[in-house]
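Written out below as structure tokens is the structure these notes cover.
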There are 2 protein chains.
Amino acid sequence: MSRRETTTLEDVARLAGVSPATVSRCMNQPQSVRAEKRVRIQGAIDQLGYVPNGSARALASRRSRMIGAILPSLDNMLFGGPLEAFQKEVGSAGYTVAVACSEYDQQHERVHIRNFLESPVDALLLVGGHRDPNIYRQIERQGIPYVLTWVSSGDREEHCVGFDNAAASADLVDYLVSLGHRRFGMISGFTEHNDRAGARLAGVRKALARHDLSLDDDQLLHRPFEPEAGRDAFHILMSGSKPPTVVICGAEPHAYGALFEARDMGIDVPGQVSVTGFDDMWLASQTMPTLTTIRTPREEMGRQAAHHLLAQLRGERVAAPRPLETTLVVRKSTAAPPEPFPGPTKGLKRGQG
Amino acid sequence: MSRRETTTLEDVARLAGVSPATVSRCMNQPQSVRAEKRVRIQGAIDQLGYVPNGSARALASRRSRMIGAILPSLDNMLFGGPLEAFQKEVGSAGYTVAVACSEYDQQHERVHIRNFLESPVDALLLVGGHRDPNIYRQIERQGIPYVLTWVSSGDREEHCVGFDNAAASADLVDYLVSLGHRRFGMISGFTEHNDRAGARLAGVRKALARHDLSLDDDQLLHRPFEPEAGRDAFHILMSGSKPPTVVICGAEPHAYGALFEARDMGIDVPGQVSVTGFDDMWLASQTMPTLTTIRTPREEMGRQAAHHLLAQLRGERVAAPRPLETTLVVRKSTAAPPEPFPGPTKGLKRGQG
DNA sequence: CTGAAAGCGCTTACAG
DNA sequence: CTGAAAGCGCTTACAG
């Protein structure tokens, strides 16, 4: 235990017989140092067990090599995969990922953004695009790159790496209408502070309107993203006097809950009612019946978000990313409605989806 | 855009008419600064929109306020919850959490540990306790606190915040033996670099031995933690000439896969074969049949890991944490074996679990 | 309670 | 290709 506990770059320089600047260059731009010295320096590094101090490096270079990621939650199957993919990509470029959870709460997210800006992070990954403009102003004032995932459009398209939630749910509706469905129910997430949930609901409404259909107020239930909540909502929808012939779920946990509740209520899916999900998580292909849903390319989104950010960090001028494609995956939870049901309007166009 | 883009503590000091040292104190130990000055300083901070620079702070104070967490995976339902709980706890104490995934690979983990030590992090959260002693030496040389989760014993009990995997699976075996089972099959994770999986398997073996039973070699299959892998293994086990009357799964995804495969094979659970899980994730209570399993207190573990680390970071001397309790949750996937099956030995003691 | 000063361990123009 | 020197923006004994 000497007085000086940590070995510094200066120690390495002394042992290698070069200046600290050269050691620094050797670590950051090896090709700019004569090979012979590189060997001596590496030897000194190994001999001393030198570990560079990231804080000092960050301060001197004004780059922390840290990227902050703020996700709504980690305690489900949705965000972990993309985060892991993101971390892997930026990690191999030398960046560390700091995480925080907003718990689907704007105030929490705001605090975390502020903390990350203080850290300071070199870049930021967020989910969704709707937030107080002041937040964006604050981020941009610091001049750090950021990426908005899970959405493809909005005010800041050049920062969005995601897919078109509204278009995806509209696809779903077109398909369901083509099956003959006219009475729709929906279990949605809360839309106030969640533009993904909002877009999915809007997409459903818009597509229904195109078919001269609509979603009745009492057929739309907002619930947190939990299977239990989905069960509860499904039970309510199916206990009404005129239950829907199809229940669209804005998030997959809702659909799992709906399927479980149907089983417990003795309701046949898709015989009596069709059920759809959104995201195509692993369970969707294992439920009974298997779930018709929208596949979202989540890992791919994580990777692309990383590349988008890394390009900006390299100082490249980047174009607005192209929206990622979603896919309608038809499985066994959807079928024609149980009996011919006269639609609320005439002139219904079949099979146009 | 002035030449100096960032406002620094010095700017605040100048505007408030105090020294930089006082501004620093005002932020870190407010009570040591006269109230009147505190107000002036806060005013200056607000007026300038001052954001302290974490890198400089880290360098000067030799504390980065960052904790590194290395988990085997984020892309499943297991580690996200505890990580979120951990982040929440340490976050409210002012710490940032950096994450990385080892992908159940020692070399990956080693690289991430090294990167974190460079960052440098103030503390480290790891999963499991078995790793190259050199790694521990390296961590301890830097003098940073660390916590080993998901395990309760081993060489470094004072760092473990977890539960006794072996005892938990032994409980399960005792219960199954008490039901009358004598022919056991097991789907286990790979045990070479995973001491949790190793302990679960060892616990099963030890408990069986206590009952004069054992696990035949061809009744033990090692698989990655995926439902599909569980399906595959279950299929193999049940296709043998003498299939087991119970399949113990070392991880819950294996059990889900087993249940799905049983359904597809037309095998009645628990009529023909019992199936057990380990962890009690949300799906366990929703499968058909519902799953008998071991409940592990994962969120609580995340919180306790945080408190254990925070106490050390405060410089407190901490005692070895008490192991967390696991619970045998009996549901519908287990029952007596289909027919009286003569055990390999006499003198079997019933109901001793 | 407060300030002047040194220092944390790097990086990076600048000059050669 | 290399070195001397300044500087990144804070914190913290030390003295008062």
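- As the counterpart of C:dA4, no nucleotide is assigned, since no Watson-Crick or G-U wobble pattern has both distances under 3.5 Å.
- One interatomic measurement links the two molecules: CG of A:Leu9 to C1' of C:dC10, which rounds to 7 Å at whole-angstrom precision.
- One P atom belongs to C:dA13, the other to C:dG9, and the distance between them is 23 Å to the nearest Å.
- Distances were taken from every side-chain heavy atom of A:Ser24 (C-beta onward) to each of D:dG3, C:dG7, C:dT12; the shortest belongs to C:dT12.
- Taking the charged nitrogens against the carboxylate oxygens, B:Glu36 and B:Arg40 do have a contact shorter than 4.0 Å, which makes a salt bridge.
- The side chain of A:Arg62 contributes an N or O atom lying less than 4.0 Å from OP1 or OP2 of D:dG9.
- A cation-pi arrangement is not found for B:Arg303 relative to B:Phe86, the charged atom failing to lie both closer than 6.0 Å to the ring centre and inside a 45° cone about the ring normal.
- The separation between B:Arg63 atom CZ and D:dG9 atom P is 21 Å, rounded to whole Å.
- Using a 4.5 Å heavy-atom cutoff, the side chains of B:Glu140 and B:Tyr146 are in contact.
- Spacing between atom CD of B:Gln29 and atom C1' of C:dT2 amounts to 13 Å, rounded to whole angstrom units.
- Classified by interplanar angle (parallel below 30°, tilted 30° to 60°, perpendicular above 60°), the ring pair B:His112/B:His108 is perpendicular.
- Projected onto DNA chain D by closest heavy-atom contact, B:Val23 and A:Lys37 fall at different nucleotides, the more 5' of which corresponds to A:Lys37.
- Between A:Ser32 and D:dC1 there is no side-chain N or O to OP1 or OP2 distance below 4.0 Å.
- Distances shown here put a side-chain N or O of B:Thr6 below 4.0 Å from the OP1 or OP2 atom of D:dG9.
- Contact annotation: A:Ser19 reaches the phosphate of D:dG3 (side-chain N/O to OP1 or OP2, under 4.0 Å).
- Rounded to a whole Å, the CG atom of A:Leu59 is 17 Å from the P atom of C:dG7.
- Computed from coordinates, the A:Arg40 CZ to D:dG3 C1' distance equals 14 Å when rounded to whole Å.
- Rounded to an integer number of Å, the gap from B:Asn53 CG to C:dC8 P is 18 Å.
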Grab the N/O contacts between the protein and nucleotides 13-16 of chain D below 3.5 Å, and write none if there aren't any.
{"residue": "D:dA13", "atom": "N6", "partner": "B:Arg25", "partner atom": "NH2", "Å": "3.1"}

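- Side-chain N/O atoms of B:Asn28 include one lying less than 4.0 angstrom from OP1 or OP2 on D:dT11.
- For the side chain to side chain contact (heavy atoms under 4.5 Å, CB included) with A:Ile67, the qualifying choice from A:Val99, A:Thr96, A:Leu313 is A:Leu313, the only one to do so.
- Comparing C:dA6 with C:dT2, their P atoms sit 23 Å apart, to the nearest whole Å.
- The OH-C1' distance, from A:Tyr50 to C:dC10, rounds to 7 Å in whole Å.
- For B:Arg57 and D:dG9, the shortest distance from a side-chain N or O to OP1 or OP2 is not below 4.0 Å.
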query: Would B:Gln138 and B:Gln142 satisfy side-chain hydrogen bond (donor to acceptor under 3.5 Å, both in side chains), going step by step from the backbone distance to the final call?
result: CA-CA 7 Å; B:Gln138 207 174 342; B:Gln142 309 228 1; over 6 Å; no

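- You'll find the side chain of A:Cys101 stays beyond 4.5 Å of the side chain of A:Ser73, heavy atoms only.
- Look at CG on B:Asp122: it is 18 Å from P on C:dC8, rounded to the nearest Å.
- Summary of the strand contacts: B:Thr22 and A:Val51 both lie near DNA chain C, and taking for each the nucleotide with the nearest heavy atom, the more 5' one is attributed to B:Thr22.
- In this structure, B:Tyr104 has its ring center at least 6.0 angstrom away from the ring center of B:Phe190.
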